[in-house]
Participant: 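Please see the structure below; I have some questions.
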Amino acid sequence: MSMSMIAEDTLMCDSPWGHTEFESKTLRNLLGCYPTGVAVVTTRTADGRDVGVTINSFASLSLDPPLVLWSLVNHSPNLAVFRDCQHFTINILGKDHQELAMRFANPRIENKFEDVAIHITPEGIPALHGAIATLVCENHKQDHIGDHLLMVGHVRRIGSETGKPLVFHSGAFTALHEAR
(Lines give C-alpha, C1' and ligand atoms only; values in the text may rest on other atoms or scores of the structure.)
Protein backbone atom coordinates (compact mmCIF):
# COMPACT_ATOMS: atom_id res chain seq x y z
CA MET A 1 0.00 0.00 0.00
CA SER A 2 1.51 3.35 -1.00
CA MET A 3 0.70 6.65 0.64
CA SER A 4 -0.18 9.54 -1.64
CA MET A 5 1.22 13.03 -1.08
CA ILE A 6 -2.44 14.10 -0.90
CA ALA A 7 -4.16 12.41 2.02
CA GLU A 8 -7.88 12.27 2.66
CA ASP A 9 -7.28 12.53 6.40
CA THR A 10 -4.66 14.68 8.10
CA LEU A 11 -2.12 12.60 10.00
CA MET A 12 -1.33 13.86 13.46
CA CYS A 13 1.90 13.10 15.29
CA ASP A 14 2.29 13.06 19.05
CA SER A 15 5.93 14.15 18.90
CA PRO A 16 7.48 17.28 17.32
CA TRP A 17 8.19 16.81 13.63
CA GLY A 18 11.70 17.16 12.19
CA HIS A 19 15.09 17.98 13.63
CA THR A 20 16.18 21.37 14.92
CA GLU A 21 19.81 20.39 15.52
CA PHE A 22 21.86 19.15 12.59
CA GLU A 23 25.36 19.39 11.11
CA SER A 24 26.23 21.28 7.94
CA LYS A 25 27.04 17.99 6.17
CA THR A 26 23.59 16.63 7.01
CA LEU A 27 21.95 19.77 5.59
CA ARG A 28 24.14 19.60 2.48
CA ASN A 29 23.12 15.97 1.87
CA LEU A 30 19.46 16.86 2.36
CA LEU A 31 19.72 19.77 -0.09
CA GLY A 32 21.27 17.33 -2.57
CA CYS A 33 17.83 15.71 -2.87
CA TYR A 34 16.83 18.70 -4.98
CA PRO A 35 18.18 18.31 -8.53
CA THR A 36 19.66 21.43 -10.11
CA GLY A 37 20.94 22.44 -13.49
CA VAL A 38 24.64 23.04 -14.00
CA ALA A 39 26.11 26.23 -15.44
CA VAL A 40 29.45 27.94 -15.88
CA VAL A 41 29.59 31.66 -15.13
CA THR A 42 32.25 33.55 -17.08
CA THR A 43 33.64 37.06 -17.20
CA ARG A 44 36.80 38.90 -18.23
CA THR A 45 39.03 40.94 -15.93
CA ALA A 46 40.09 44.50 -16.73
CA ASP A 47 43.52 43.16 -17.80
CA GLY A 48 41.91 40.69 -20.26
CA ARG A 49 42.06 37.44 -18.28
CA ASP A 50 39.06 35.13 -18.74
CA VAL A 51 37.57 33.73 -15.52
CA GLY A 52 34.94 31.02 -15.11
CA VAL A 53 33.38 28.92 -12.35
CA THR A 54 30.91 26.03 -12.30
CA ILE A 55 27.72 26.71 -10.35
CA ASN A 56 24.47 25.00 -9.54
CA SER A 57 23.11 27.96 -7.56
CA PHE A 58 21.28 29.60 -10.47
CA ALA A 59 17.66 30.77 -10.52
CA SER A 60 15.30 33.08 -12.35
CA LEU A 61 14.35 36.07 -10.20
CA SER A 62 12.14 38.31 -12.37
CA LEU A 63 10.85 38.56 -15.93
CA ASP A 64 10.12 42.29 -15.76
CA PRO A 65 12.83 43.45 -15.46
CA PRO A 66 14.69 40.30 -16.57
CA LEU A 67 16.76 39.34 -13.52
CA VAL A 68 18.57 36.14 -12.55
CA LEU A 69 20.59 35.21 -9.50
CA TRP A 70 23.46 32.96 -8.51
CA SER A 71 25.88 32.78 -5.62
CA LEU A 72 29.58 32.31 -5.01
CA VAL A 73 31.15 31.15 -1.74
CA ASN A 74 32.92 33.95 0.16
CA HIS A 75 36.31 32.19 0.13
CA SER A 76 36.38 31.78 -3.68
CA PRO A 77 39.59 33.12 -5.22
CA ASN A 78 37.36 34.62 -7.94
CA LEU A 79 35.05 36.50 -5.60
CA ALA A 80 36.52 39.96 -6.25
CA VAL A 81 36.54 39.37 -10.03
CA PHE A 82 32.80 38.62 -10.16
CA ARG A 83 31.90 41.20 -7.53
CA ASP A 84 33.63 43.96 -9.52
CA CYS A 85 32.87 42.93 -13.13
CA GLN A 86 30.46 44.90 -15.31
CA HIS A 87 29.06 41.85 -17.12
CA PHE A 88 29.05 38.07 -16.79
CA THR A 89 27.60 35.21 -18.79
CA ILE A 90 25.67 32.28 -17.40
CA ASN A 91 26.29 29.29 -19.67
CA ILE A 92 23.80 26.49 -19.00
CA LEU A 93 25.48 23.19 -19.79
CA GLY A 94 24.08 20.29 -21.80
CA LYS A 95 24.04 16.64 -20.73
CA ASP A 96 27.29 15.95 -22.60
CA HIS A 97 29.23 18.73 -20.82
CA GLN A 98 30.17 16.94 -17.59
CA GLU A 99 33.90 17.22 -18.35
CA LEU A 100 33.51 20.96 -18.93
CA ALA A 101 31.65 21.33 -15.61
CA MET A 102 34.42 19.47 -13.80
CA ARG A 103 37.10 21.57 -15.51
CA PHE A 104 35.60 24.89 -14.38
CA ALA A 105 34.99 23.49 -10.87
CA ASN A 106 38.64 22.44 -10.42
CA PRO A 107 40.67 25.17 -8.66
CA ARG A 108 43.95 23.43 -9.63
CA ILE A 109 43.44 24.16 -13.34
CA GLU A 110 45.06 27.54 -13.97
CA ASN A 111 43.73 28.26 -17.47
CA LYS A 112 40.25 26.77 -17.52
CA PHE A 113 39.68 28.18 -21.03
CA GLU A 114 42.60 26.35 -22.68
CA ASP A 115 41.24 24.37 -25.66
CA VAL A 116 37.65 25.45 -24.84
CA ALA A 117 35.67 26.97 -27.71
CA ILE A 118 34.25 30.38 -26.80
CA HIS A 119 32.48 33.32 -28.38
CA ILE A 120 33.33 36.84 -27.31
CA THR A 121 30.09 38.73 -26.72
CA PRO A 122 29.65 42.34 -27.84
CA GLU A 123 30.12 43.20 -24.15
CA GLY A 124 33.65 41.77 -24.42
CA ILE A 125 33.21 38.68 -22.24
CA PRO A 126 33.54 34.98 -23.05
CA ALA A 127 30.53 32.75 -23.67
CA LEU A 128 31.01 28.98 -23.95
CA HIS A 129 30.37 27.55 -27.39
CA GLY A 130 27.82 24.74 -27.24
CA ALA A 131 26.03 25.80 -24.06
CA ILE A 132 22.33 25.01 -24.41
CA ALA A 133 21.45 28.48 -23.10
CA THR A 134 23.56 31.57 -22.50
CA LEU A 135 22.51 34.71 -20.67
CA VAL A 136 24.71 37.79 -20.86
CA CYS A 137 24.05 39.80 -17.72
CA GLU A 138 24.91 43.23 -16.46
CA ASN A 139 26.17 42.97 -12.89
CA HIS A 140 23.11 44.52 -11.24
CA LYS A 141 23.43 43.97 -7.49
CA GLN A 142 25.22 41.85 -4.89
CA ASP A 143 24.76 41.11 -1.22
CA HIS A 144 26.78 39.04 1.24
CA ILE A 145 24.32 36.56 2.74
CA GLY A 146 25.57 33.81 5.02
CA ASP A 147 28.78 32.33 3.60
CA HIS A 148 28.05 33.40 -0.01
CA LEU A 149 27.95 36.49 -2.21
CA LEU A 150 24.53 36.61 -3.87
CA MET A 151 24.84 37.99 -7.40
CA VAL A 152 21.88 39.46 -9.29
CA GLY A 153 22.27 39.89 -13.02
CA HIS A 154 20.15 41.99 -15.38
CA VAL A 155 19.80 39.88 -18.54
CA ARG A 156 20.85 41.95 -21.57
CA ARG A 157 21.39 39.30 -24.29
CA ILE A 158 20.39 35.64 -24.70
CA GLY A 159 21.31 32.73 -26.95
CA SER A 160 20.40 29.06 -27.11
CA GLU A 161 21.10 25.76 -28.82
CA THR A 162 19.07 22.58 -28.72
CA GLY A 163 19.93 20.00 -26.11
CA LYS A 164 19.02 18.44 -22.79
CA PRO A 165 20.50 19.96 -19.60
CA LEU A 166 23.19 18.53 -17.40
CA VAL A 167 21.73 17.91 -13.93
CA PHE A 168 23.38 17.62 -10.51
CA HIS A 169 21.60 15.43 -7.95
CA SER A 170 22.73 13.70 -4.75
CA GLY A 171 26.37 14.62 -5.34
CA ALA A 172 26.56 13.30 -8.93
CA PHE A 173 25.93 14.45 -12.48
CA THR A 174 22.94 13.00 -14.29
CA ALA A 175 20.52 13.92 -17.06
CA LEU A 176 16.78 14.27 -17.36
CA HIS A 177 14.77 11.21 -18.33
CA GLU A 178 11.29 11.18 -19.80
CA ALA A 179 8.55 10.56 -17.23
CA ARG A 180 6.50 7.45 -17.76
Side-chain angles (χ1 to χ4, degrees), residues 24 27-28 31-95 97-98 100-107 109-114 116-169 173 176:
S24 295
L27 178 60
R28 182 180 181 147
L31 293 172
C33 293
Y34 186 70
T36 62
V38 181
V40 171
V41 181
T42 59
T43 194
R44 182 169 278 171
T45 63
D47 65 358
R49 183 174 57 92
D50 292 339
V51 178
V53 295
T54 299
I55 63 164
N56 67 344
S57 62
F58 168 72
S60 170
L61 181 60
S62 169
L63 293 177
D64 187 18
L67 302 174
V68 295
L69 61 87
W70 64 284
S71 65
L72 187 60
V73 69
N74 285 337
H75 61 75
S76 170
N78 297 309
L79 188 74
V81 171
F82 284 105
R83 181 193 64 218
D84 299 338
C85 71
Q86 288 188 334
H87 294 90
F88 55 82
T89 62
I90 298 174
N91 304 271
I92 299 173
L93 301 183
K95 66 181 177 73
H97 295 144
Q98 181 176 336
L100 197 58
M102 295 299 295
R103 176 185 191 85
F104 279 89
N106 187 341
I109 298 176
E110 273 189 50
N111 182 1
K112 293 177 173 54
F113 290 86
E114 186 175 357
V116 173
I118 62 170
H119 303 281
I120 301 301
T121 71
E123 293 78 12
I125 55 174
L128 301 182
H129 176 73
I132 62 170
T134 302
L135 300 96
V136 178
C137 302
E138 183 179 354
N139 192 347
H140 180 68
K141 184 176 183 173
Q142 314 101 24
D143 195 3
H144 284 279
I145 300 176
D147 60 359
H148 278 68
L149 178 66
L150 181 67
M151 303 279 298
V152 176
H154 189 147
V155 180
R156 297 299 189 178
R157 182 183 310 277
I158 60 173
S160 66
E161 295 187 19
T162 58
K164 300 280 186 188
L166 181 62
V167 176
F168 194 72
H169 177 251
F173 291 105
L176 295 178

Participant: List in chain and number order the residues that pass side-chain contact (heavy atoms from CB on, under 4.5 Å) with Pro66, two or more places apart in sequence or in another chain; answer none if no residue qualifies.
Facilitator: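 Result, side-chain contact (heavy atoms from CB on, under 4.5 Å) vs Pro66: His154, Val155.
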Participant: Of all heavy-atom pairs between Gly153 and Cys137, which one has the smallest distance, and what is that distance?
Facilitator: CA-CB, 3.9 Å
Participant: For Leu63, which residues count as a side-chain contact (heavy atoms from CB on, under 4.5 Å) partner, sequence neighbours excluded?
Facilitator: none
Participant: Minimum heavy-atom separation for Leu67 to His140, with atom names?
Facilitator: CD2-CD2, 4.1 Å
Participant: How far apart are the closest heavy atoms of Asn139 and Gln142, and which atoms are they?
Facilitator: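 For Asn139 versus Gln142, the nearest heavy atoms are OD1-NE2, 2.8 Å.
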Participant: Suppose we screen for side-chain hydrogen bond (donor to acceptor under 3.5 Å, both in side chains). Which residues come up paired with Arg44, at least two apart in sequence or across chains?
Facilitator: Asp50
Participant: Taking atom CD1 of Ile120 as the centre, report whether more than 12 heavy atoms of other residues, nucleotides or ligands fall under 6.0 Å from it.
Facilitator: yes
Participant: Applying side-chain contact (heavy atoms from CB on, under 4.5 Å), name anything that partners His148, two or more places apart in sequence or on another chain.
Facilitator: Ser71, Val73
Participant: Measuring from atom CZ of Phe58 to atom CG of Leu135, what distance do you get when rounded to the nearest 0.5 angstrom?
Facilitator: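 Between atom CZ of Phe58 and atom CG of Leu135 there are 5.0 Å.
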Participant: For Glu138, what residues pass the side-chain hydrogen bond (donor to acceptor under 3.5 Å, both in side chains) criterion, not counting sequence neighbours?
Facilitator: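 Expected list: Arg156.
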Participant: Which atom pairs, donor and acceptor, lie under 3.5 Å between side-chain atoms of residues 79-90 and protein residues at least two apart or in another chain?
Facilitator:
{"residue": "Thr89", "atom": "OG1", "partner": "Thr42", "partner atom": "OG1", "Å": "2.2"}
{"residue": "Thr89", "atom": "OG1", "partner": "Asn91", "partner atom": "ND2", "Å": "3.0"}
{"residue": "Thr89", "atom": "OG1", "partner": "Pro126", "partner atom": "O", "Å": "3.0"}

Participant: List for me each residue that meets salt bridge (Lys or Arg N to Asp or Glu O under 4.0 Å) alongside Arg49, sequence neighbours excluded, and say none if there are none.
Facilitator: none
Participant: Quick one: list whatever passes side-chain contact (heavy atoms from CB on, under 4.5 Å) with Lys164, sequence neighbours left out.
Facilitator: Lys95, Glu178
Participant: Going by ring-ring contact (aromatic ring centres under 6.0 Å, His included), name the residues that satisfy it together with His144, two or more places apart in sequence or in a different chain.
Facilitator: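 Testing His144 for ring-ring contact (aromatic ring centres under 6.0 Å, His included), a comparison that skips the adjacent residues, returns none.
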Participant: In Å, rounded to the nearest 0.5 Å, how long is the span from CD1 of Ile145 to CG of Asn74?
Facilitator: 10.5 Å
Participant: Just to verify, what does Thr45 make a side-chain hydrogen bond (donor to acceptor under 3.5 Å, both in side chains) with, not counting sequence neighbours?
Facilitator: Asp47
Participant: Could you report the tightest heavy-atom contact between Leu128 and Thr134, atom names first, then the distance?
Facilitator: O-OG1, 4.4 Å
Participant: Who passes ring-ring contact (aromatic ring centres under 6.0 Å, His included) against Phe113, sequence neighbours left out?
Facilitator: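 For Phe113 the ring-ring contact (aromatic ring centres under 6.0 Å, His included) partners, ignoring immediate neighbours, are Phe104.
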Participant: What is the distance from atom CG of Leu150 to atom OG of Ser57, rounded to the nearest 0.5 Å?
Facilitator: 8.5 Å
Participant: Excluding sequence neighbours, so at least two apart, what forms side-chain hydrogen bond (donor to acceptor under 3.5 Å, both in side chains) with Thr54?
Facilitator: none
